Amino acid sequence: MSSDHLDKGYEPSCIEKKWYTYWLDNGFFKAEDKSDKKAFSIVIPPPNVTGVLHMGHALNNVIQDIMCRYRRLLGYNVLWMPGTDHAGIATQNVVERDLAAKGLTRDQIGREEFIKHVWKWREKSGGAIINQLKRLGASCDWDRERFTMDEGLSDAVRKVFVRLYKEGLIYQGQYIINWCPRCKTALADLEVEYEEEDGYLYYIRYPFVNRKQGLTVATTRPETMFGDMAVAVNPTDKRFKDLEEKQIRLPLTDRVIPIIKDDYVDIQFGTGALKVTPAHDPNDFFLGEKHGLEKLKVIGDDGQMLDGAGRFSGMDRFECRKKAVEALIEQGLLVKKEPIKHSVGNCYRCRTVVEPSISKQWFVKVAPLAKKASDAVRNGRTNIIPDNWSKTYFEWMDNIRDWCISRQIWWGHRIPVWKCPDCGQEIVEEIDPSHCTVCGSSKLVQETDVLDTWFSSALWPFSTMGWPENTDLLKTFYPTNVLVTGFDILFFWVARMMMMGTYFMDEVPFNDVYIHALVRDEHGKKMSKSKGNVIDPLKVIDEYGADAFRFTLAAFAAQGRDVKMSESRVEGYRHFVNKLWNASRFALMHISVKDTRIDLKKISLVEKWILSRCAQTSLEVKQGIENYKFNEAASAIYQFVWHEFCDWYLETAKPALYEKEGVQRRDIARSVLSKVLEDILIMLHPFMPFVTEEIYSILPATNGSVMAAAYPYNEKDYKINRNEAVEKDMDFIFGLISGIRNIRSEMNIQPSMKIKVLAHTADGKEKILIAENKSIIANLAALESFYFCEADLIPPSSASAIIGNTTCFVLLEGVIEFDKEIIKLEKELEKNTKELLTIQKRLYNENFLEKAPEEVIQKVKDQHIDLEGKNNKLKDNLERIQKMK
RNA sequence: GGGCGAUUAACUCAGCUGGUAGAGUGCAACCCUUACAAGGUUGAAGUCGCAGGUUCAAGCCCUGCAUCGCCCA
């Protein structure tokens, strides 16, 4: 499987394929139904079977994959349950389009034949999105893949429906619902998307029966006037105080309708007179109920006007709007029309303007379910993260309306209700009934509607695990640890899973709900086909590799903020992948045997330092992942790998690795390098699974897959390796090197030119540190020589840098540019003085000394001493240089 | 109309229970130094949207305002 070297540049495509196949073949993604190990489980938000992977999926699944891979490294028995959703309306639309291409409609071929077509379609192309998830590296337990229309899941749906029905929580009724005239089905409130559009507000005069005058009503939908059953005014409205008429004439018809009074009418809006259309407006529906008005449906299910529209019947609703307005103008009844921005409801599947319409539908009485679901979050059994979404969740749950669950389409779970045509009995059973339970008739007719897709998705966390059977899987993995989702389906899906889970399992479906951001384009705009700003994740993977893409998503997944995605960012992280690759190439030039045993007593300060930093990084990555702060985890490891491991540690390790300090030192250096690189690969694996596996497989010190490795630094190892004192010491050394480098750069000293440096310090500890790390300093700052000097022997022609209590003098032997050094020192002194003054201001403030906590005061005092010391040294140096000039 | 969020370097964003403002990209200078130019070293760059308030101390807490975005009606 592995070779013993790495190519010069990292080439993702074939490596990704190779390792994904390897993981699958070796069962690394498999969960055990029963196990002694601790369990960790996530159910995937099932993508639509018609779906194509978009950025939202990518972010969603990368986050889940990071968590799953991380838990495996910790030794958990991990279940990541995959699957797809049958997506009733969406899928039906796709297949209908296919048929239309062949000149067929679903009505022509009939229900049974149509459903066969859908299944065939699914077999052919339904798995596309699954393969796309695999390209991302998703480590789902694919053998368990579920589909909401599977037999088992359908059984669960049936069971839930029957129980809710028998408990009186499902009912059928005539209500106003949202109707899509194109899909020819009812939609739930949630399935309507509102959009601001330009329209007109038409003011129409309805004449009184016996007078020419009348009331003017305002509407944006004049075509609905044919369904008007009354005109309503507010009883407190002064304009209508003297109104005697009780009736009014409905223009363009021969109907006379009542004038009713109700304080529901908004005095501010329009003319104060409201046309009441109970069959085509939700508010009017309730007003109609209250006043006992008839509900006349005038717009048909296909969007064409019905008989009630008189000579306009048979006309399309929008055509009718135009024609009716023309007719009103002719009759002098259109008072005015003014442009208005108003929100128009569109079908979330096909964007057709939704018609509120009266219809007989099935509903779930959600209040009792919502109570349990809402309480579960209130009392902390389920945590919503970030927490501010809890409020939105409560808001919705507490004001929830009954859920319309019937859809007039064919693709979906058919509602298990039968009617007896002989005696009218309604039969609802889990097993298809063959005859009427009352009269014995065998002519039972099943309800033709199917259930809302979200009805089956609401059961997903337990139906996928085998419910209603009490399976081992359920026992091991339910409730799931976390659900990862975007907030756009918080109500559609999460809320409903909470309702069904708490009701049927008596247990929440997940302990945590992590709500991640929406992925937008680089300007923060929603990605959409019409805007042409969609970035295809698969293309990004092709170009930059899955690892770079995944890392980008993780790095930008800060809580509570949208992810703004642009290819240039992915490119940046591809550089990171490459950096890791090259660092590993370098390491492989040196390490050749399995030896990662490290004797902490024998290793150098810088080696202790890198181990300490590595331990600390592992903790930060751990905390980041466990607290859903993936950006913090990503940035911790990025920072460590690039700027500590590569920039500092590898550079310091080179002399030892090249055997310039003897064989023993070389072997120690090898073992530390080997160990740290191995740790890095494991820590990084959840984020960048492919490249880490490739490198890990080649490292001589490792065996088998990185997926089988243990996450580095348990509590004990952390305590052994983390050493803040060592980190502080190294910060001093690194600061010293940077100080000298700074002088080199400011004084335009060529990198190839070696320089002489003298150090003066009264600090014993710093003196020892410098002495012990002299060769590192000399190497990294490119020094010819480095000695200590006494205060009275400070070289005249030199530039200085102050680090801690030590001053370094870079000898410039006549070539010093005094002006440059003076400017540099003055600038530094200015900055230092500023800082010193702010510190002093606090220290001389009695209130501060009185009220601030002791530790803060002590810290400020320490800072004061440091700053004052540095200030004096800067002044001395400046004075000295100025004298020289 | 109700609710939520944002406003910090040129750009994209971090910033914990209040304690001297950080990163990446970009920019500038120098460098092909034997893992990496997809690189290295060094540097410049911020009135933390505005106005008040609380506090010894405010990017962070409170109030108001402005601008932008999202969700629900």
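The analysis underlying the following values was restricted to heavy atoms, covering all of them including side chains, and did not include hydrogens, waters or symmetry mates. Since the structure is predicted, the reported quantities are computational estimates derived from the model, not experimental observations. In what follows, chains carry the letters A, B, and so on, assigned in the order in which the sequence lines appear, proteins first and then strands, with residues in each chain numbered from 1.
Taking atom CD of residue A/Gln858 and atom P of nucleotide B/G19, one finds them 19 Å apart after rounding to whole Å. Note: CE (A/Met753) to P (B/C31) measures 15 Å, nearest angstrom. One can place CD1 of A/Ile743 at 11 Å from P of B/G43, the figure rounded to the nearest angstrom. Protein atom CG of A/Asn582 is 14 Å distant from nucleotide atom P of B/U34, rounded to whole Å. A/Trp581 places its CH2 atom 14 Å from the C1' atom of B/A38, with the value rounded to the nearest Å. Atom P of nucleotide B/U42 and atom CD of A/Gln750 are separated by 16 Å, given to the nearest angstrom.
Taking 4.0 angstrom as the limit, A/Lys834 places none of its side-chain polar atoms (N or O) nearer than this to OP1 or OP2 of B/U20. A sub-4.0 Å separation between OP1 or OP2 of B/U34 and a side-chain N or O of A/Lys660 is absent. For the pair A/Trp642 and B/G40, the criterion of a side-chain N or O lying under 4.0 Å from OP1 or OP2 is met. Neither OP1 nor OP2 of B/A35 sits under 4.0 Å from any side-chain N or O of A/Tyr10.
Here, B/G1 and B/A44 have their C1' atoms 49 Å apart, quoted to the whole Å. Taking the C1' atoms as reference points, B/A58 lies 44 Å from B/A37, given to the whole Å. For the C1' atoms, the distance linking B/G24 with B/A14 amounts to 10 Å, nearest Å. A distance of about 30 Å separates the C1' atoms of B/C11 and B/C32, rounded to the whole Å. A gap of 10 Å separates the C1' atoms of B/G15 and B/A23, to the nearest Å. The separation of B/U8 from B/C60, taken at their C1' atoms, amounts to 12 Å, rounded to a whole angstrom. Nucleotides B/U12 and B/G52 have their C1' atoms positioned 32 Å apart, rounded to a whole Å. Rounded to a whole angstrom, the distance from the P atom of B/U33 to that of B/C27 is 23 Å.
Across all strands, A/Glu835 comes closer than 4.0 Å to base atoms (heavy-atom distances). Residue-level contact check: A/Glu571 touches neither bases nor backbone, having no heavy atom under 4.0 Å from any strand. Within 4.0 Å (heavy atoms only), A/Ser584 reaches no atom of the nucleic acid at all. As judged by a 4.0 angstrom heavy-atom cut-off over every strand, A/Glu846 is placed among residues making no nucleic acid contact. Using a 4.0 Å heavy-atom cutoff across all strands shown, A/His643 reaches sugar-phosphate atoms only and no base atom.
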Audit row: A/Arg665, A/Glu607, salt bridge (Lys or Arg N to Asp or Glu O under 4.0 Å) steps and yes/no
CA-CA 11 Å; A/Arg665 276 292 303 135; A/Glu607 284 162 347; 3.2 Å; yes
A/Ser745 vs A/Arg741, test: side-chain hydrogen bond (donor to acceptor under 3.5 Å, both in side chains). Steps then yes/no.
CA-CA 6 Å; A/Ser745 177; A/Arg741 281 173 172 174; over 6 Å; no
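Side-chain proximity of A/Glu746 to the nucleotides B/G43, B/G39, B/C30 is greatest for B/G43. Considering only the side chain of A/Arg585, B/C36 comes nearest among B/A23, B/A38, B/C36. Closest approach to the A/Met589 side chain among B/C31, B/A35, B/A38 is made by B/A35 (side chain taken as heavy atoms from C-beta onward). With distances taken from any side-chain atom of A/Val856 to the nucleotides B/A35, B/G40, B/G19, the minimum falls on B/G19. Taking only side-chain atoms of A/Ser745, from C-beta outward, the nucleotide of B/U42, B/G24, B/A35 with the closest atom is B/U42. Residue A/Thr838 places its side chain closer to B/U20 than to any other of B/C36, B/U20, B/A23.
The residue among A/Pro751 and A/Tyr638 whose nearest nucleotide of RNA chain B lies closer to the 5′ end is A/Tyr638. The residue among A/Lys827 and A/His575 whose nearest nucleotide of RNA chain B lies closer to the 5′ end is A/His575.
Side-chain to base pairing of A/Glu651 with B/A35: one donor and one acceptor N or O lie within less than 3.5 Å of each other.
Ionic pairing of A/Asp679 and A/Lys675 is present here: one or more N-O contacts between side-chain nitrogen and carboxylate oxygen are shorter than 4.0 angstrom. In summary, A/Lys834 and A/Glu830 do not engage in a salt bridge, as defined by a charged side-chain N under 4.0 Å from a carboxylate O. For A/Glu661 and A/Arg666, the salt-bridge test fails: no basic side-chain N is under 4.0 Å from an acidic carboxylate O.
Residues A/Glu746 and A/Asn742 have side chains that never bring a donor and an acceptor to within less than 3.5 angstrom of each other. When only modelled atom types and interatomic distance are considered, A/Asn582 and A/Arg585 share a side-chain donor-acceptor pair under 3.5 Å. Between the side chains of A/Gln858 and A/Glu854, no donor-acceptor pair of N or O atoms lies under 3.5 Å.
Against RNA chain B, the stretch residues 777-784 of chain A makes no heavy-atom approach under 4.0 Å.
The number of heavy atoms from other shown groups lying within 6.0 Å of CD (A/Glu826) is above 12.
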Pull out every protein N or O sitting under 3.5 Å from an N or O of nucleotides 56-60 of chain B, one pair per line with the distance.
residue: B/C56; atom: OP1; partner: A/Lys851; partner atom: NZ; Å: 2.4
residue: B/C56; atom: O2'; partner: A/Asn845; partner atom: ND2; Å: 3.0

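Considering only residues two or more places apart in sequence or on other chains, A/Phe645 meets the ring pair (Phe, Tyr, Trp, His ring centres under 6.0 Å) condition with A/Tyr649. Among residues two or more places apart in sequence or in another chain, the ring pair (Phe, Tyr, Trp, His ring centres under 6.0 Å) test is passed with A/Phe285 by none.
Residue pairs meeting the side-chain hydrogen bond (donor to acceptor under 3.5 Å, both in side chains) criterion with at least one partner in residues 571-580 of chain A, sequence neighbours excluded, are absent.
In terms of modelled atom types and a separation under 3.5 Å, the side chain of A/Glu620 and the main chain of A/Ile637 share no donor-acceptor contact.
With contacts defined as side-chain heavy-atom distances shorter than 4.5 Å, the pair A/Tyr544/A/Thr552 does not qualify.
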If you write RNA chain B from 5' to 3' in dot-bracket form, with Watson-Crick or G-U pairs under 3.5 Å, [ ] for crossing pairs and | for pairs with another strand, what do you get?
(((((((..((((.....[..)))).(((((.......))))).....(((((..]....)))))))))))).
